[in-house]
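Input: a single structure, listed below in structure tokens.
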Amino acid sequence: MTAPVVEQAAEWYEPGAHPVAPGVHRIPLALPIPSLHAVNVYVIEDAGGPVLIDSGWAMPDSRSALGSALRTLGHKLDDVAQFLVTHAHRDHYSQALALRGSFGTRVRIGRGERPSIEASAVPGGVHARQIEMLRRCGAADLAAEIAGIPGDPADEEDPLTAPDAWLDDGERVALAGRGLDVFATPGHTRGHVVLRDAAAGLLFAGDHVLPHISPSIGLEAEPEPRPLRSYLDSLRLVRDMPDTLLLPAHGPVTASVHARIDKLLEHHAARLDAAAERVRAGHGTAFAVAAAMTWTRHRRTLADLEPLSRMMAVLEIEAHLDVLADQGILDAHEEGGVRRYAPRA
């Protein structure tokens with residue numbers, strides 16, 4: 001049985017410190033990404049000072065909003081004992097690093113994020129690997145378009161840095177009043193972790209399980225070779241655990257992790273079937289398959305999406321096609337630097 005969902009604000013991204021469970025509050029911090037609205041930072045009361053799950057994007061408004069919400073709970077920014085970060089995307093990790101610089105706050109993140117954190121300091125832009133992958137997908141024009149987009153100055157001037165300590169799969173973070181079990185859930189990023197409070201029936205899910213959208217797969221500086229396979233395996237790993245309350249990084253607290261995972265698995269099964277059907281119809285590259293499919297709940301064409309969304313769509317399809325190849329449904333081979341797919345005879 002999962003715990004009941006407490007009364008929530010009319011809009012999940014309404015500022016403030018919203019109660020989730022005894023000793024746990026949710027603080028949504030606005031993002032410069034309209035489609036996401038905000039990122040949820042979870043505050044766990046602990047004898048040594050509040051422990052925060054994720055941190056928000058390092059921006060003045062975000063820092064001010066986090067400080068204001070903490071004050072309503074009787075805390076200041078420099079009271080925070082440590083950050084436990086689910087993955088290394090800037091909206092989750094960068095403010096933790098900034099506050100460490102100001103107050104010496106301890107920061108921990110999954111060990112699997114190390115390659116992407118180290119690569120963030122290498123000149124060439126955060127999407128260097130994605131540009132290479134787009135060319136392999138048969139999307140040379142889109143690759144050139146992405147290469148021409150100016151990068152975020154923060155990526156060059158303020159690269160991500162290593163944490164104070166890594167979080168390891170299977171570790172138990174012992175707090176004064178609770179224990180948080182760490183589970184590696186690669187897919188969204190290669191080092192993504194979730195934190196589970198089994199006694200309280202809570203899953204701090206980061207971007208692994210989101211209530212309203214399916215997270216991007218492998219959008220990071222150093223993506224793994226088979227991110228969708230990892231993501232589906234990670235979903236099944238969490239699905240096999242007893243059900244809990246879903247505490248996502250984007251969206252409202254939701255009653256059942258299991259129910260949402262079932263929907264996500266159904267979504268990806270349908271996308272796998274649709275991608276295989278497009279290959280059977282003669283679309284032989286990830287770009288061609290993506291162009292033959294519709295996107296978002298508004299069923300937009302690939303050409304209707306802005307460039308970064310087109311990039312994510314094409315790379316998502318490549319991940320699906322590679323899973324189909326691993327399953328023996330499709331054949332795949334490289335030809336002229338482009339990965340091509342055909343039905344398995």
Side-chain angles (χ1 to χ4, degrees), residues 9 11-16 18 26-42 52-66 69 83 85-99 109 113 116-117 120 125-131 134 142 145-146 148-160 187-189 192 204-221 223 227 231 246-254 264 295-298 300 302 304-316:
E11 297 289 357
W12 70 268
Y13 45 85
E14 181 179 311
H18 307 285
R26 180 181 63 85
I27 299 176
L29 300 176
L31 293 174
I33 306 171
S35 60
L36 290 180
H37 296 293
V39 60
N40 289 321
V41 173
Y42 292 93
L52 271 57
I53 310 293
D54 290 331
S55 70
W57 201 312
M59 303 180 297
D61 287 351
S62 181
R63 182 174 177 137
S64 176
L66 179 59
F83 287 98
V85 182
T86 59
H87 62 293
H89 284 165
R90 282 192 174 271
D91 57 326
H92 296 255
Y93 189 42
S94 62
Q95 187 152 255
L97 298 176
L99 293 173
I109 195 170
E113 295 296 70
S116 285
I117 290 172
S120 76
V126 69
H127 296 311
R129 287 284 289 114
Q130 282 70 32
I131 291 167
L134 285 172
L142 178 56
E145 190 174 0
I146 297 296
I149 297 175
D152 185 340
D155 293 327
E156 300 291 337
E157 300 168 10
D158 188 24
L160 302 178
H188 178 60
T189 66
H192 193 289
F204 299 92
D207 283 2
H208 180 56
V209 183
L210 299 175
H212 295 151
I213 59 175
S214 177
S216 62
I217 302 298
L219 186 64
E220 54 192 323
Y231 181 63
L246 170 60
L247 277 56
H250 308 284
V253 173
T254 304
L264 288 166
W295 298 90
T296 79
R297 66 181 181 275
H298 302 297
R300 301 169 68 187
L302 186 70
D304 289 335
L305 304 179
E306 50 86 22
L308 289 177
S309 293
R310 267 184 278 146
M311 176 186 79
M312 289 189 286
V314 172
L315 297 181
E316 178 184 317

Residue pair Ser116 / Glu113, side-chain donor-acceptor N/O under 3.5 Å: no
Heavy-atom side-chain contact between Leu99 and Phe83 under 4.5 Å: yes
Cationic N near anionic O, under 4.0 Å, Arg310 to Glu145: yes
For Ser62 against Gln95, the heavy-atom pair lying closest together: OG-NE2, 3.2 Å
Any side-chain heavy-atom pair of Trp295 and Leu302 under 4.5 Å: yes
Donor-acceptor pair between His250 and His212 side chains, under 3.5 angstrom: no
Tyr13 side, atom OH; Arg26 side, atom CZ - distance, nearest 0.5 Å: 11.5 Å
Pair Val39-Trp57, side-chain contact (heavy atoms from CB on, under 4.5 Å): steps then yes or no: CA-CA 8 Å; Val39 60; Trp57 201 312; over 6 Å; no
Residue pair Leu29 / Gly56: nearest heavy atoms and the distance that separates them: CD1-CA, 4.0 Å
Ile27 side chain near Leu66 side chain, heavy-atom distance below 4.5 Å: yes
Minimal non-hydrogen separation, Ser120 against Pro159, with atom names: O-CB, 3.7 Å
Side-chain touch Pro223/Gln130, heavy atoms, less than 4.5 angstrom: yes
Arg90 and Leu160, any side-chain heavy atoms less than 4.5 Å apart: yes
His87 ring center near His208 ring center (under 6.0 Å): no
Closest approach of Pro307 to Ile146 (non-hydrogen atoms, all atoms of both residues): O-CD1, 3.6 Å
For Asp304, all residues meeting side chain to side chain donor-acceptor pair (under 3.5 Å), sequence neighbours excluded: Thr301
Nearest heavy-atom neighbours spanning Ile213 and Leu264: O-CD2, 4.1 Å
Min side-chain heavy-atom separation Ser94-Ser55 under 4.5 Å: no
His188 side chain near Ser216 side chain, heavy-atom distance below 4.5 Å: yes
Non-hydrogen atoms of Pro227 and Ile217 that approach each other most closely: CB-CG2, 3.2 Å
Asp207 side chain to His192 side chain, donor-acceptor N/O pair below 3.5 angstrom: no
Heavy-atom side-chain proximity of Asp54 to Asn40 below 4.5 angstrom: no
